[in-house]
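Structure first, commentary second.
Excluded from the calculations below are hydrogen atoms, water molecules and symmetry mates; all remaining heavy atoms, backbone and side chain alike, are included. Letters A, B, ... mirror the listed sequences (proteins, then strands); counts begin at 1.
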Number of protein chains: 4
Amino acid sequence: MADQVQAESRQRGRPRSEASHQAVLEATARLLCSISYEDLTVERIAAEAGVGKQTIYRWWKNKAAVVLETLVTGQTDMELVDLPDTGDLRADLLTWTKSMISEAFTPSTISMARSLVAAGVQEDPATEELLSGAAFRDTGLLVQRLRSAEERGEIRPGADLTAVTAALGDPFILRLLVGHPPGERWAQTLVDVVVRGLQPQGASD
Amino acid sequence: MADQVQAESRQRGRPRSEASHQAVLEATARLLCSISYEDLTVERIAAEAGVGKQTIYRWWKNKAAVVLETLVTGQTDMELVDLPDTGDLRADLLTWTKSMISEAFTPSTISMARSLVAAGVQEDPATEELLSGAAFRDTGLLVQRLRSAEERGEIRPGADLTAVTAALGDPFILRLLVGHPPGERWAQTLVDVVVRGLQPQGASD
Amino acid sequence: MADQVQAESRQRGRPRSEASHQAVLEATARLLCSISYEDLTVERIAAEAGVGKQTIYRWWKNKAAVVLETLVTGQTDMELVDLPDTGDLRADLLTWTKSMISEAFTPSTISMARSLVAAGVQEDPATEELLSGAAFRDTGLLVQRLRSAEERGEIRPGADLTAVTAALGDPFILRLLVGHPPGERWAQTLVDVVVRGLQPQGASD
Amino acid sequence: MADQVQAESRQRGRPRSEASHQAVLEATARLLCSISYEDLTVERIAAEAGVGKQTIYRWWKNKAAVVLETLVTGQTDMELVDLPDTGDLRADLLTWTKSMISEAFTPSTISMARSLVAAGVQEDPATEELLSGAAFRDTGLLVQRLRSAEERGEIRPGADLTAVTAALGDPFILRLLVGHPPGERWAQTLVDVVVRGLQPQGASD
DNA sequence: ACTTAATCGAGACGGTACGTCGCGTCTTCAC
DNA sequence: GTGAAGACGCGACGTACCGTCTCGATTAAGT
């Protein structure tokens with residue numbers, strides 16, 4: 001029992017270069033800013049990273065896997081939109097949606113989001129694993145803010161917060177993919193309905 | 001989708017075969033049940049439809065356009081999930097989500113949804129036009145049901161119903177793409193929050 | 001009976017482009033002047049010919065086959081060395097060897113000869129067929145000159161002239177491959193021994 | 001391959017290196033029996049020899065060099081065809097050609113001959129040096145036999161014997177490369193013409 | 001009936017990217 | 001301080017599709 005597995009994975013030969021691995025991710029992130037998933041090629045990534053094509057295929061099984069790891073591990077400068085916590089959930093969410101609309105609907109972010117989806121929408125089981133695990137990163141922020149509101153008694157307890165974040169976040173993700181930023185009234189309604197829906201019984205606007 | 005012919009006597013030579021056009025759509029629908037967008041090739045479609053490749057390119061500009069028209073014009077047996085109108089919005093939506101989960105999360109539907117997204121997520125402006133216009137077909141059903149509830153006074157008036165349908169529908173679409181059906185509690189929370197959020201002032205469960 | 005088989009090989013689809021076929025051979029000939037067989041690539045040939053790589057693989061099974069057809073069908077400007085017929089076999093052969101040494105041992109010709117051998121020395125049965133059929137083109141000239149001498153009674157009849165041409169020609173071919181032109185005395189001895197060996201009985205120098 | 005004697009225990013330098021060197025040559029010889037030069041890879045040699053790739057590149061500059069050294073230094077079981085010296089040159093040469101045809105035209109020998117040529121036909125100057133120096137090994141035997149005949153007065157003196165060996169040997173080498181054994185009459189003519197061509201003046205068959 | 005012209009299925013075309021393989025070099029660990 | 005093992009950068013391989021072009025055959029509409 002004390003004897004761990006080790007003899008089987010005994011280091012032989014030159015170890016894989018973590019530097020190359022990282023260089024590929026960074027090169028991919030750099031390229032994804034300006035070109036679409038379709039136009040991105042493994043050869044281009046290899047050239048940009050100063051790496052042999054085979055090295056890429058040694059780490060990832062195909063282009064989709066490279067792109068997914070690049071975007072999911074946050075190699076990009078695609079900053080998370082800030083979600084404040086002033087104690088007023090509705091106001092915070094409205095602030096969030098506004099900055100979302102103004103900051104996230106840039107050509108570069110839209111392109112990356114599309115690349116993420118294009119890479120994710122493969123029939124590969126490994127891919128599904130990774131995606132359903134990581135989900136979309138923004139989700140974490142939202143869940144955290146909602147939990148804080150819950151503890152503070154701002155919203156009624158017991159709701160499945162992942163469903164609530166989906167109701168709030170997923171519409172923005174789809175609008176992002178389509179490329180058309182939603183109007184302000186649309187966003188306000190979204191926040192309003194969800195916040196109302198979460199209010200403790202008897203509360204009113 | 002296809003460009004119309006002017007009523008003028010420009011019609012010279014052999015007319016385009018509407019049968020071929022339809023055969024392509026049907027062949028595509030047939031193939032999309034079992035293979036992914038990536039594995040689908042124009043040559044394969046042409047072979048399945050018993051049609052020349054050029055005939056496809058005479059009607060559509062590329063593979064994405066064929067797939068989009070196939071899925072958007074409902075060539076598939078991907079039936080719309082029924083949304084009843086009993087007068088009880090919450091109950092109806094819960095019924096809808098349940099059948100959604102049990103009927104829509106089949107491998108074939110998931111595959112088609114992914115193909116739709118893969119085809120839609122191109123940088124092509126024409127594609128965006130079509131998609132943002134058609135949106136997803138289910139949306140229509142939802143909006144209609146909500147409007148009926150609004151008229152009946154079941155929900156408070158003045159809400160942007162497209163935002164509400166987004167809050168309800170988009171989360172299901174994303175779960176569909178990922179391939180994992182949501183749990184029942186998740187769906188219940190989603191419906192509950194939205195329905196509460198729409199209730200007229202002062203009402204309670 | 002007048003009705004030939006024809007329906008089976010009925011022309012369907014776009015016919016293969018003989019122009020492309022020829023362009024490949026010419027491009028290969030052009031490239032072989034300056035670069036070695038090893039450095040020659042199918043991609044380079046395709047680029048030089050303005051042809052898709054697949055077109056090359058549609059006509060030939062590999063690089064060796066392209067090179068062989070190029071050299072064997074005489075696409076190159078590798079002119080045959082002249083072999084005069086003055087009636088004096090020994091003098092004619094000496095003239096021939098001299099021009100051989102001075103004209104054939106150029107870098108370009110040496111390179112082509114090596115390419116021919118490199119391409120020919122594959123284990124492919126089809127290749128052997130082609131080579132043993134075509135042999136080396138010079139052989140024809142020699143056989144013809146010897147036959148003329150035989151008819152004229154210059155040499156004793158009944159010899160296997162292909163063996164004689166081998167004795168005379170093959171040594172030059174091997175020297176060509178090695179790249180070192182033989183000395184004049186060497187060539188003289190070669191011609192001398194063979195011509196003496198062919199003389200009718202009782203003749204002397 | 002067994003462990004070396006430990007006479008000198010000061011083996012700080014290269015305890016196994018000469019063994020590795022030899023192992024590579026033997027492995028190459030073993031492989032060349034069955035696979036062509038093209039299909040032979042350095043990695044395969046290394047694996048067969050139980051040696052690291054770098055060890056090969058420490059001794060030779062590339063694959064061609066390994067193959068050349070293997071074949072030129074006679075690591076193979078490609079035995080030299082025996083050339084008797086009974087005092088009758090014509091009879092000896094006929095014996096030699098006959099055993100040549102029956103023994104040398106085996107698939108294994110043909111394959112090795114082709115590999116030798118494939119390796120030799122590189123543009124590398126060092127390679128040319130080695131080849132033109134070593135020539136083909138059989139040459140030595142022939143020259144020796146001819147010199148013996150010359151001393152014995154069997155043939156007229158003063159001929160450039162390297163040219164004569166070329167006339168006799170090179171045709172066999174080329175037939176070997178093509179892979180088709182010559183007929184008996186062909187060989188007889190070859191020997192006959194050369195031997196006659198070497199006879200002292202006035203002699204006759 | 002006869003031309004004209006656009007269509008049809010078929011498949012080759014010039015390209016581009018794929019994923020693999022081999023070269024010759026570099027880098028680790030074990031002996 | 002070598003040597004095996006094997007990853008590295010590089011680049012060619014042969015294949016697969018793309019979207020276009022070119023065949024002979026087919027099909028109306030306009031002579």
Problem set entry | C:Glu38 CD - F:dG11 P separation (whole Å) | 16 Å

Problem set entry | Residue whose closest nucleotide on DNA chain E lies nearer the 5' end, B:Gly50 versus B:Glu43 | B:Gly50

Exercise. Do the ring planes of D:His21 and D:Trp59 sit parallel (below 30°), tilted (30 to 60°) or perpendicular (above 60°)?
Worked result: parallel

Exercise. If you check the C:Arg14 side chain, which of E:dG22, E:dC18, F:dC21 turns out closest?
Worked result: F:dC21

Exercise. 5'-most contact on DNA chain F: A:Arg58 or B:Thr41, nearest heavy atom basis?
Worked result: A:Arg58

Exercise. Just to confirm, is there a sub-4.0 Å distance from OP1 or OP2 of E:dT7 to any side-chain nitrogen or oxygen of B:Arg16?
Worked result: yes

Exercise. To the nearest angstrom, how far is D:Glu48 atom CD from F:dA4 atom P?
Worked result: 14 Å

Problem set entry | Under-4.0 Å side-chain N/O to phosphate OP1/OP2 contact, B:Ser20 with E:dG9 | yes

Seminar exercise, completed: To the nearest angstrom, the CD1-P distance between D:Ile45 and F:dA4 comes to 14 Å

Exercise. How close or far is atom P of E:dC21 from atom NZ of D:Lys63, stated in whole angstroms?
Worked result: 16 Å

Seminar exercise, completed: D:Ile56 atom CD1 is separated from F:dG6 atom P, nearest whole Å, by 15 Å

Problem set entry | Nearest-nucleotide comparison on DNA chain E, the residue closer to the 5′ end among C:Ala46 and D:Tyr57 | C:Ala46

Exercise. Any donor-acceptor pair under 3.5 Å between the side chain of B:Lys53 and the base of E:dG11?
Worked result: no

Exercise. Hey, is the side chain of A:Thr55 poking within less than 4.0 Å of OP1 or OP2 on F:dG9, counting only N and O atoms?
Worked result: yes

Exercise. Within this structure, what is the NZ-to-P distance between D:Lys61 and E:dT25, rounded to whole angstrom?
Worked result: 10 Å

Exercise. Is the backbone N or O of D:Val24 less than 3.5 Å from a side-chain atom of D:Thr28, with the two atoms forming a donor-acceptor pair by type?
Worked result: yes

Problem set entry | For atom CZ of A:Arg12 and atom P of F:dG3, their distance in whole Å | 17 Å

For this session: Would you kindly give the CD-to-P distance between C:Gln22 and E:dC13, to the nearest whole Å?
Result: 14 Å

Exercise. So, is C:Trp59 close to the E:dC13 phosphate, meaning a side-chain N or O under 4.0 Å from OP1 or OP2?
Worked result: yes

Seminar exercise, completed: Of the candidates E:dG19, E:dG24, F:dG14, the side chain of D:Val42 sits closest to E:dG24

Seminar exercise, completed: Of B:Arg44 and B:Gln54, the one whose closest nucleotide on DNA chain F sits nearer the 5' end is B:Arg44

For this session: Look only at the side chain of C:Arg16 and the backbone of C:Arg58, and say whether a donor-acceptor pair between them is shorter than 3.5 Å.
Result: yes

Exercise. Any donor and acceptor pair, going by atom type alone, linking the side chain of A:Ser111 with main-chain N or O of A:Pro107 inside 3.5 Å?
Worked result: no

Problem set entry | C:Thr41 and C:Lys63: CA distance, side-chain angles, deciding distance, side chain to side chain contact (heavy atoms under 4.5 Å, CB included) verdict | CA-CA 7 Å; C:Thr41 69; C:Lys63 181 174 70 168; 5.8 Å; no

